[in-house]
Amino acid sequence: DTEVTQTPKHLVMGMTNKKSLKCEQHMGHRAMYWYKQKAKKPPELMFVYSYEKLSINESVPSRFSPECPNSSLLNLHLHALQPEDSALYLCASSPFEGASTEAFFGQGTRLTVV
Amino acid sequence: LAKTTQPISMDSYEGQEVNITCSHNNIATNDYITWYQQFPSQGPRFIIQGYKTKVTNEVASLFIPADRKSSTLSLPRVSLSDTAVYYCLVGEGNSGYALNFGKGTSLLVTP
């Protein structure tokens, strides 16, 4: 199984809502990543978890709150988002943190903030 | 973190070989060179990775000169389904920052 599964595939939320994005992998990978991608732009790295500990936070606003409950699961909690936060949110995993191995990406969650 | 420079876009006809060059003048000793492919509204997909010289797999070849300041992704005999954005990533083997994406090259393959 070389899949990274993201749910939901689509999400529409109001600016006062609280929602969560979920990412799951069963490849035994110990690094997991969240990215944000706007239309016709490259993916922007948001957070990196390594062995369930937050390794990198790319100065992401606090309305995005990551959580890694176990080695297979990564969540992104959303609260009080703005319309400009609408984007494709991608999750990825790799055997360990870094560039020397292949990273596997999920299909993403298309988020629309209204 | 090594900065990468790629052409913004390239066009090719079906059946041709396509070479996309990435410049990374300040590559460090511990840095790997990795290429990803992305189709619209999908997550990127790993294509190939190298450290030096030449690497080949069933999809592509990666050429890296001795000074490692550039690399070339070679796609043999492209088809319409190779139309995608191709990203060159350069980074350290054990740093998550290495998975920062640059601007990428948008490849359009036409009949």
Side-chain angles (χ1 to χ4, degrees), chain A residues 2-6 9-10 21 23 25 27 29-51 53-59 66 68 74 87-112, chain B residues 1-9 22 24 27-52 55 57-60 62 64 68 71 84-106 108:
Chain A
T2 57
E3 266 197 11
V4 173
T5 304
Q6 290 188 244
K9 289 192 175 5
H10 300 274
L21 309 185
C23 174
Q25 57 87 14
M27 294 177 276
H29 290 174
R30 303 314 300 268
M32 296 185 78
Y33 311 77
W34 278 118
Y35 291 83
K36 171 184 176 180
Q37 186 172 27
K38 304 280 271 184
K40 299 196 183 302
K41 298 289 186 185
E44 293 176 39
L45 187 64
M46 299 174 72
F47 302 105
V48 180
Y49 272 83
S50 179
Y51 290 87
K53 289 196 166 80
L54 185 63
S55 172
I56 293 173
N57 176 344
E58 283 287 67
S59 302
C68 190
L74 186 66
L88 181 68
Y89 287 84
L90 293 162
C91 173
S93 73
S94 61
F96 48 86
E97 182 181 347
S100 60
T101 59
E102 175 180 350
F104 291 80
F105 284 78
Q107 293 296 293
T109 293
R110 175 73 60 190
L111 174 68
T112 303
Chain B
L1 193 66
K3 180 175 159 47
T4 59
T5 304
Q6 305 174 231
I8 293 174
S9 64
C22 179
H24 29 81
I27 190 168
T29 304
N30 294 336
D31 286 349
Y32 287 79
I33 300 159
T34 313
W35 287 80
Y36 284 83
Q37 174 193 56
Q38 187 178 27
F39 299 112
S41 295
Q42 292 189 25
R45 182 176 73 104
F46 174 93
I47 302 174
I48 197 164
Q49 182 179 75
Y51 183 78
K52 61 180 179 180
V55 180
N57 62 21
E58 64 277 6
V59 175
L62 178 59
I64 306 169
R68 304 203 322 128
S71 58
V85 179
Y86 292 82
Y87 295 100
C88 163
L89 279 67
V90 174
E92 196 175 341
N94 61 358
S95 168
Y97 287 110
L99 285 164
N100 259 318
F101 284 74
K103 291 186 179 167
T105 298
S106 180
L108 175 64

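Since this is a predicted model, take the numbers as computed values, not measurements. First the proteins, then the strands, lettered A, B, ... as listed; each starts at 1.
Heavy-atom distances place no part of Ala31(A) under 4.5 Å from chain B, backbone and side chain included. For Gln37(A), the part lying near chain B is the side chain, with the backbone staying farther off; criterion is any non-hydrogen pair under 4.5 Å. There is no contact between Tyr51(B) and chain A, counting heavy-atom distances below 4.5 Å. Contacts of Glu58(A) with chain B are made by side-chain atoms alone, with heavy-atom separations under 4.5 Å and no backbone atom involved. If you measure heavy-atom distances from Lys41(A) to chain B, the contacts under 4.5 Å come from the backbone alone. Residue Ser106(B): no heavy atom, backbone or side chain, is found under 4.5 Å from chain A.
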- Item | From CA spacing to verdict: side-chain contact (heavy atoms from CB on, under 4.5 Å), Asp31(B), His24(B) | CA-CA 10 Å; Asp31(B) 286 349; His24(B) 29 81; over 6 Å; no

- Could you go through the side-chain contact (heavy atoms from CB on, under 4.5 Å) check for Ile56(A) and Glu97(A) one step at a time? CA-CA 10 Å; Ile56(A) 293 173; Glu97(A) 182 181 347; 3.7 Å; yes

- Item | Check against side-chain contact (heavy atoms from CB on, under 4.5 Å), Gln38(B) and Phe105(A) | CA-CA 10 Å; Gln38(B) 187 178 27; Phe105(A) 284 78; over 6 Å; no

- Please lay out, stage by stage, how Phe104(A) and Met27(A) fare under the test side-chain contact (heavy atoms from CB on, under 4.5 Å). CA-CA 10 Å; Phe104(A) 291 80; Met27(A) 294 177 276; 3.9 Å; yes

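For Lys38(A), the NZ atom sits in a packed shell: over 12 heavy atoms of surrounding residues, nucleotides or ligands are nearer than 6.0 Å.
For the pair Leu99(B)/Leu89(B), a side-chain contact is recorded, criterion being any heavy-atom separation below 4.5 Å from C-beta on.
The most heavy-atom pairs under 4.5 Å with chain A, out of Gly104(B), Pro44(B), Gly43(B), come from Pro44(B).
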